[in-house]
Amino acid sequence: MTLEHVFRPRSVAVVGASDNPSKLGWSVLHNIVTYGFRGRVYPVNPGREYVHCIPCYASVRDIPGDVDLAVVVVPARYVEQVFLDCAEKGVRGAVVITAGFKEIGPQGEELERRILKIARDAGMRFVGPNCMGIINTDEDVSLNATFAPTQPLRGSIGFISQSGAMGVAVLDFSNAERIGFSKFASMGNKADVSGNDLVEMFGRDPNTKVILMYIENFGNPRNFITIARKVSESKPIIAVKSGRTKAGAAAASSHTGAIAGEDAGAQALFKQCGVLRALTIEEMFNYAEAFAAQRLPRGKRVAVLTNGGGPGIIAADAVEGHGLEMAGFQKSTVEALRSVLPREASVRNPVDMIAGATASTYRSCLSILLKDRNVDAVLVINVPLGKETELETAAAIAEASRFTGKPVLACLFGRKESSEGVRHLIEHGIPTYRFPEGAVRALAAMWRYRSWREKPKGRTVRFRAGREEAQRILDGAMSRDREWLTKREVDHLLELYGFRLPKGMVATTEDEAVRIAKKLNYPVVMKVVSDDIIHKWDVGGVALDIKGETELRRQYRRIMSNVQKKRPGARVDGIRVERMITGGREVILGMKHDSIYGSMIMFGLGGIYVETFRDVSFRISPLTDVDAQEMVEEIRGYQLLAGARGEKPCDIKRLKNYVLRLNQMVTELQGIREMDLNPVIALPKGAVVVDARVRLEQHGSQ
Ligand SMILES: Nc1ncnc2c1ncn2[C@@H]1O[C@H](COP(=O)(O)OP(=O)(O)O)[C@@H](O)[C@H]1O
Ligand SMILES: [Mg+2]
């Protein structure tokens, strides 16, 4: 079912229309009338004959003509009856502004369920309840069905807000900034129409060039990934997400569990579907203005043109800091700049025309820069030196940018939206910022989006694996209500999925340990094997780099006595003697089940780095090969793995392969709640999992 009746109605009933200006029922009708709705409007209120000098009806059922959309502002207790009336009348869409539903507790939740059922049975779609309304600025429709005090400007931004109050504030703010909207929707409780529905619809809307979202929580993150990924291929989605999840904090017995809390899920989700995340509402609009008005840059080489040295340097720093590059000019560019600029000016990037620059200097230099083949975008900065020249300069900038295919962003240093020059630039499609950083950040977002759009989409990879046997191991342990797999089970599971483990065996006596070590060749590692001990190192249960028999015997006894001292009650199965893996780097691979986002996969530097630097990356499973590649490459320590300072590089390919194998494990096996492979030692050739833990889903846990 489409949302056509909601956003493009030919007739609207305002149920609960009021002639008391302090009521929402007044504001909504007032907005619909004064914004110039192109269709018919019917106030509905059983106590009035007229509202706003428009004939009023006692019930939706009494309205003589068809009604496409009902905007409901009656008190909560009447909403159910209104819905029944709408159903009978054959109304196809509704916006329920009324609050007092799910957000107030079980009673409201029940009411919400009931109206949803009425709507479903009648084939009626509705936005809300508990929302601020919707807007469609399309000239053929001109519908402002909100109670906001500000009328929106027409433009190409579609805005979806989970908070009504935020919606009001945003309309107000954007009016002052001269930002225009194509459509606006406040989602409210999302009983029927979800954020995903709206993204999909705005995605198809030809008037919407950029989609903005204010999100507090996801109803269905999986669906969001699929839908947003598809929409992002043709238009950018920019989101502010607040209300970080607490889901991760509870389960902290694995590293992955401990680190995956807070915001990791949202962050991964946005990355995986190309949604640009802004940290503040202001930043979101900074991005939006650039996306709405300008083309995407074809590369990341930026030219900065300024009449003041300081701002130029600030801009250059921001360019480097946000992952863009300062362009190196062609020789002809440098020569051309030389010929129009005084000797004291700098013709290198940032181009400093110095204080004497006039409007015409701006015009010539900008034209020269835009012609340079090594320049993908230009940031023009103007420090105000006189009010008279501001408009002239702005006009010159707009004119020089008129026929270029490259994005031009401007910064009129420190000036407000109300100033003439800024207005002129914005009206001529040049996004204009108060400070260089804002402009650069927007440009960087455009470049990130462009890169996302152009990168290969990735595919899912399947390896041969012993899936059934692995599932049997998990089922067996779960049927005995165990929380963890034993060491033996973990190793078996990993082998079934093609992970390499160090050779080794469990000894139950010192002499046996000696025999095993001889077979393996020194150096060896010993570690206690006990289901009661989760962190072996912490209890003195691990000995590394044992080079001979005497040392081995000493360490054997040391481990036994350590364990007895620190974990007197622990049942010890023996001591595992295994090959010491040398000449590699430790990484961690993990997975955690998140109640909101599902299985999250983690990759990072292992050992001490996990805890101290938290240098890890997350993605939500299922992963593609491109996801796995990015996960490995995006950690800060990637340079260490790739062979910094002439060291031997690790087998990166194998690490990506391991990420995908883990992904396959968690997608096709049931019952794993958390898993740490820590560490995996990445070697120049291959990688070995030297320690791992698998925590099971239990009855009673989520
Ligand atoms: N076979 C091995 N080869 C090389 N180093 C190892 C080996 N086994 C363990 N280590 C090192 O010892 C550390 C602790 O061992 P591990 O088995 O991870 O115990 P735990 O995590 O329970 O404390 C590892 O992080 C790793 O640095
Ligand atoms: Mg470990």
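Just follow the structure's listing: the first ligand is 1, and inside any ligand the first atom is 1.
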Do [X] and [Y] come close enough that some side-chain heavy atom pair is under 4.5 Å?
| X | Y | result |
| --- | --- | --- |
| I672 | E697 | no |
| M665 | M675 | yes |
| L496 | I473 | yes |

Going by an N to O cut-off under 4.0 Å, is there a salt bridge joining [X] and [Y]?
| X | Y | answer |
| --- | --- | --- |
| K527 | E578 | yes |
| E630 | R619 | yes |
| E549 | R553 | yes |
| R441 | E437 | no |

Residue portion contacting ligand 1 (non-hydrogen atoms closer than 4.0 Å) for [X]:
| X | result |
| --- | --- |
| K536 | both |
| N678 | backbone |
| R693 | side chain |
| I581 | both |
| I681 | side chain |

Which atoms from ligand 1 have a heavy atom of [X] less than 4.0 Å away?
| X | answer |
| --- | --- |
| P679 | 18 (O), 24 (C), 25 (O), 26 (C) |
| I534 | 22 (O) |
| R579 | 1 (N), 2 (C), 3 (N) |

Shortest protein contact, [atom] (heavy atom only):
| atom | result |
| --- | --- |
| atom 2 (C) of ligand 1 | V525 CG2, 3.6 Å |
| atom 27 (O) of ligand 1 | E586 OE2, 2.3 Å |
| atom 14 (C) of ligand 1 | W537 CE3, 3.7 Å |
| atom 12 (O) of ligand 1 | L544 CD2, 3.5 Å |

Task: Nearest non-hydrogen partners of R453 and S234, listed with the distance - done: NH1-O, 3.5 Å

- [ ] Using distance alone, determine whether E578 and ligand 1 share an N or O pair under 3.5 Å.
- [x] yes

Task: K527-ligand 1 polar pair, N/O distance under 3.5 Å - done: yes

- [ ] Return yes if a side-chain donor-acceptor contact under 3.5 Å exists between N189 and E103, otherwise no.
- [x] yes

Open item on the list: Is a donor from one side chain sitting under 3.5 angstrom from an acceptor on the other, for Y556 and T509?
Closed with: no

- [ ] Examine distances only and state if a side-chain atom of D317 and a backbone atom of I314 form a donor-acceptor pair shorter than 3.5 Å.
- [x] no

Open item on the list: Take a 6.0 Å sphere around CZ of R488 and say whether it holds more than 12 heavy atoms from other residues, nucleotides or ligands.
Closed with: no

Task: Heavy-atom gap V688 to ligand 1 smaller than 4.0 Å - done: no

TODO: Return yes when T582 approaches ligand 1 closer than 4.0 angstrom through a heavy atom, no otherwise.
DONE: no

Task: Matching residue for Y658 among Y497, F499, F463 - test: ring-ring contact (aromatic ring centres under 6.0 Å, His included) - done: F499

- [ ] Please work out which of V690, L677, D691 has its closest non-hydrogen atom nearest to atom 7 (C) of ligand 1.
- [x] V690

Task: Near the Mg ion (ligand 2) (under 2.8 Å) - protein N, O or S atoms - done: N678 O, D691 OD2

Task: Plane angle bin for F224 and F218 - parallel if under 30°, tilted between 30 and 60°, otherwise perpendicular - done: tilted

